[in-house]
Amino acid sequence: MPFPPPSDAMTAILAARRRFPAGLTQPAECARFGMDALLLAAFVAQTLPATPRRKQGPFLELGCGSGAALLAVALLREGVPGLGVERAAPLTIAARENIRRLGLAERLEILEGTLPERDCLRRCREWLLRQCGSEGAGLIFANPPYWEQHEGRASPRALAESARRGNGTTLHDFCRSAAALLRHKGFFCCIYDARALPRLMEACARHHLGIRRLLPVHPRAGEPAVRLLLEARKDAAHDILLEEALYLHPSQHDTGARWTAQALRFCPFLGSTS
């Protein structure tokens, strides 16, 4: 017996998922999501299966913006609920619209709030309690702002400037919030500027997040790493596995492809970016 044809709504959802990340709603005044969000999502999806299924539970993204990384993780790991936390109202509106368009409203929610404020942490814990009967998350991830207040040129767009420097929300605030919301031995993942590794290690150590994996990301072979993907565990010591480097683009002499085969295996969504 043939299956009935999908409804118009389901057809639109499936089309949006095939196009992802193209077509995401983003406020005009914000920094556009980019490669970093997609690389982080692919790295997080690798970490989720490492958690015992009975403890896997929901995941959280701190500072989710318009939802690109949150949505990518949900598409790569079906069935796991997630919460995105974002303080900028225009971005929370965009994230909720993107969740609706991709048909993920039953699994994903957006909480508007500022970390590490006590009220925001309380509402995150209440969501976790409803989802899994525990106030601690199994996995939290973030794409913290890379620049300190004195670094680089300021953007005239407020939301773009907030993404660059956090406007008062620092790397330590992200690590402090993750440590407050993770269960014992829970995972924290982030992507950060490779040149600022000492800053990242100091922040993790201060908040009892022991670094377990580091993946350096290079534009091309022979060029310095520009990003680091990090996996840490709450209440654990540093015990770092330095993974084989990820090279994003072919050599400059190879004009036939934008991404290396290695990069596309690691993050298939890169192939849908312009």
Side-chain angles (χ1 to χ4, degrees), residues 12-26 31-51 56 59 61 63-80 82 84 95 98-99 101-104 107-108 139 141-144 146 163 187-195 197 212-231 240-274:
I13 287 170
L14 294 175
R17 292 183 182 185
R18 284 193 297 270
R19 293 182 61 216
F20 180 86
L24 289 181
T25 297
Q26 299 178 89
R32 319 308 281 171
F33 87 88
M35 170 191 72
D36 289 3
L38 301 178
L39 293 175
L40 175 60
F43 188 74
V44 168
Q46 291 181 355
T47 299
L48 274 172
T51 310
Q56 187 165 298
F59 58 85
E61 183 182 9
C64 69
S66 57
L70 185 79
L71 290 159
V73 172
L75 291 172
L76 289 168
R77 289 292 174 264
E78 295 183 4
V80 185
N98 290 326
I99 288 171
R101 186 175 298 168
L102 288 163
L104 295 169
R107 285 204 284 133
L108 298 181
L139 186 146
F141 61 98
N143 182 0
Y146 304 152
F187 289 92
F188 172 64
C189 297
C190 74
I191 187 167
Y192 207 66
D193 183 354
R195 297 169 299 178
L197 175 59
R212 294 307 180 97
R213 284 201 298 150
L214 281 175
L215 172 59
V217 181
H218 299 249
R220 294 177 177 84
E223 297 182 6
V226 292
R227 295 289 183 265
L228 288 170
L229 287 158
L230 171 145
E231 178 194 285
I240 301 173
L241 171 65
L242 184 62
E243 297 196 338
E244 180 182 353
L246 175 64
Y247 299 102
L248 297 176
H249 307 295
S251 71
Q252 294 180 339
H253 303 293
D254 182 358
T255 59
R258 180 180 180 190
W259 305 102
T260 63
Q262 181 198 20
L264 291 173
R265 285 194 302 271
F266 179 80
C267 181
F269 295 131
L270 292 174
S272 299
T273 59
S274 57

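All values reported here derive from a predicted model rather than from experimental measurement.
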Quiz item: Between F59 and L70, is any pair of side-chain heavy atoms under 4.5 Å apart?
Solution: yes

Quiz item: SG of C190 to CG of D36: how many Å apart, nearest 0.5 Å?
Solution: 11.0 Å

Practice problem: Taking all heavy atoms of N98 and all of S66, pick out the closest pair and write down the distance. | Solution: ND2-O, 3.0 Å

Self-check item: Residues, nucleotides or ligands: over 12 heavy atoms within 6.0 Å of R220 CZ
Solution: yes

Quiz item: Do V226 and L248 have side chains that get closer than 4.5 Å, going by heavy atoms?
Solution: no

Quiz item: Any side-chain heavy atom of L39 sitting closer than 4.5 Å to one from F266?
Solution: yes

Quiz item: So, the side chain of Q26 versus the backbone of F33: is there a donor-acceptor pair under 3.5 Å, distance only?
Solution: yes

Practice problem: Return the minimal non-hydrogen interatomic distance between A257 and P250, and the atom names on each side. | Solution: O-CG, 3.4 Å

Practice problem: With rounding to the nearest 0.5 Å, note down the distance linking CD1 in I240 to CG in L230. | Solution: 8.0 Å

Self-check item: E61 side, atom CD; L139 side, atom CG - distance, nearest 0.5 Å
Solution: 11.0 Å

Quiz item: If every non-hydrogen atom of I191 is compared with every non-hydrogen atom of Y146, which pair is closest and at what distance?
Solution: O-CE2, 3.4 Å

Quiz item: Looking only at heavy atoms, which two atoms of A263 and Y247 are closest? And how far apart?
Solution: CB-O, 3.9 Å

Quiz item: Is the shortest heavy-atom distance from the side chain of W259 to the side chain of H249 under 4.5 Å?
Solution: yes

Self-check item: 4.5 Å side-chain heavy-atom contact, V73 and L48
Solution: yes

Exercise. Could you please spell out the steps behind the side chain to side chain contact (heavy atoms under 4.5 Å, CB included) verdict for L102 and L24?
Key: CA-CA 9 Å; L102 288 163; L24 289 181; 4.3 Å; yes

Quiz item: What are the two closest non-hydrogen atoms of P224 and P219, and how far apart are they?
Solution: O-CD, 3.3 Å

Quiz item: When rounded to the nearest 0.5 angstrom, what is the spacing between CZ in R107 and CG in L75?
Solution: 7.5 Å

Self-check item: Side chain to side chain, F269 and L71, heavy atoms closer than 4.5 Å
Solution: no

Quiz item: Do the side chain of E231 and the main chain of R213 share a donor and acceptor less than 3.5 angstrom apart?
Solution: no

Quiz item: Looking only at heavy atoms, which two atoms of A95 and G67 are closest? And how far apart?
Solution: CB-N, 4.2 Å

Exercise. Find the distance between CD1 (I13) and CG (L104) and round it off to the nearest 0.5 Å.
Key: 8.0 Å

Quiz prompt | Interatomic spacing from CG in L40 to SG in C267 - rounded to 0.5 Å | solution = 10.0 Å

Self-check item: Main-chain N/O of L241 paired to R212 side chain as donor or acceptor, under 3.5 Å
Solution: no

Quiz item: Does R17 reach the side chain of F20, with side-chain heavy atoms less than 4.5 Å apart?
Solution: no

Quiz prompt | Within-4.5 Å side-chain heavy-atom neighbours: V217 and M35 | solution = no

